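The shown structure was predicted, so the numbers you read here are calculated from the model rather than taken from an experiment.
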Amino acid sequence: MAKVIGADDIVVNEAVRNRGAVIEQIPRSKPGSYFGFAGGGLGAGAGMALGVKLAKRDRMVVHIAGDGVFYFGNPSSVFAVSKHYDLPFFTVVVDNSGWGAVKAAVLSVYPEGEAKALHQFQAQLAPQMEFAKIAEAAGAHGESVANPEDVPAAIARCVAAVRGGRSALMHVRIPAI
């Protein structure tokens with residue numbers, strides 16, 4: 001991703017459990033080109049991405065979210081507003097089909113507990129969701145990828161859509177929690 005977005009483009013990082021990986025993969029050195037979250041207010045990033053795009057129409061905005069956070073962000077409304085007000089941005093949904101923070105919290109309190117033994121953390125989300133279709137319903141470009149080899153081409157298509165005036169969403173399936 002760092003190879004296709006400019007130094008002035010803006011990253012809104014709401015991939016709470018994968019925040020560090022995003023920072024490593026998409027380094028930002030210019031002030032105002034990165035906004036991150038420590039975990040509070042989950043779901044605020046999508047609206048923030050719209051606000052940043054409204055304030056900085058000449059820059060590409062990339063919103064990175066986990067699947068749980070994506071649900072909280074009211075995505076159908078966000079993409080409808082994006083289309084209505086001509087605020088194209090790029091969302092990357094990192095989908096592990098669950099809430100990694102919930103699983104981590106359970107393991108931190110009960111590292112050898114029943115939840116670990118049964119591998120039941122009450123943290124699974126609906127499997128096989130098609131997040132790209134939510135964006136497509138509002139006229140955005142949608143991509144779904146599971147194979148790492150497919151990611152660069154998908155990113156290129158999404159960036160081209162956004163630079164062409166259309167929002168994009170790349171749904172990235174990673175191993176389930």
**Item:** Heavy-atom pair with the smallest gap, counting every atom of Ser144 and Glu130
**Value:** OG-OE1, 3.8 Å
**Message:** Do Val145 and Arg173 make a side-chain contact, defined as non-hydrogen atoms from C-beta onward lying under 4.5 Å apart?
**Reply:** no
**Request:** Might you point out which heavy atoms bring Ala46 and Val78 nearest each other, and give the distance in Å?
**Result:** CB-CG2, 3.7 Å
**Asked** Can you get from Val162 to Ile134 by hopping between Ile, Leu, Val, Met, Phe, Trp and Tyr side chains that sit under 4.5 Å apart?
**Response** no
**Asked** How close do Asp95 and His171 get, heavy atom to heavy atom, and via which atoms?
**Response** OD2-NE2, 2.7 Å
**Prompt:** Is Glu14 reaching over with its side chain to a backbone N or O of Gly45, donor-acceptor style, under 3.5 angstrom?
**Reply:** yes
**Asked** So how far is it from Met170 CE to Ile155 CD1, rounded to the nearest 0.5 Å?
**Response** 4.5 Å
**Message:** So does Pro88 get a backbone contact from the side chain of Arg166, meaning a donor-acceptor N/O pair under 3.5 Å?
**Reply:** no
**Request:** Measure the spacing between CD1 of Ile26 and NZ of Lys3 and express it to the nearest 0.5 Å.
**Result:** 13.0 Å
**Prompt:** Taking side chain as C-beta onward, heavy atoms only, is Phe35 less than 4.5 Å from Val11?
**Reply:** no
**Asked** Do the side chain of Thr91 and the main chain of Leu169 share a donor and acceptor less than 3.5 angstrom apart?
**Response** no
**Prompt:** Considering only heavy atoms from C-beta outward, does the side chain of Ser167 approach that of Phe79 to under 4.5 Å?
**Reply:** yes
**Message:** Do Val159 and Phe90 have side chains that approach each other closer than 4.5 Å (heavy atoms only, starting at C-beta)?
**Reply:** yes
**Item:** Student check: side-chain heavy atoms of Ile23 and Asn13 closer than 4.5 Å
**Value:** yes
**Message:** Between the side chains of Glu136 and Lys83, is the shortest nitrogen-to-carboxylate-oxygen separation below 4.0 Å, so that they form an ion pair?
**Reply:** no
**Asked** Which distance, rounded to the nearest 0.5 Å, do you find between the CG of Leu87 and the NZ of Lys56?
**Response** 14.5 Å
**Prompt:** Any side-chain heavy-atom pair from Glu143 and Cys158 closer than 4.5 angstrom?
**Reply:** yes
**Message:** Within the structure provided, determine whether Met1 and Val62 are in side-chain contact (heavy-atom separation under 4.5 Å).
**Reply:** yes
**Shortest non-hydrogen contact between Val22 and Ala15, atoms and distance** = CG2-CB, 4.1 Å
**Prompt:** Which pair of non-hydrogen atoms, one from Ala138 and one from Ala80, has the smallest distance, and what is that distance?
**Reply:** CB-N, 3.9 Å
**Asked** Tell me, do Lys116 and Pro111 make a side-chain contact under 4.5 Å, heavy atoms counted?
**Response** no
**Request:** Identify whether the distance between the nearest side-chain nitrogen and carboxylate oxygen of Arg59 and Asp9 falls below 4.0 Å.
**Result:** no
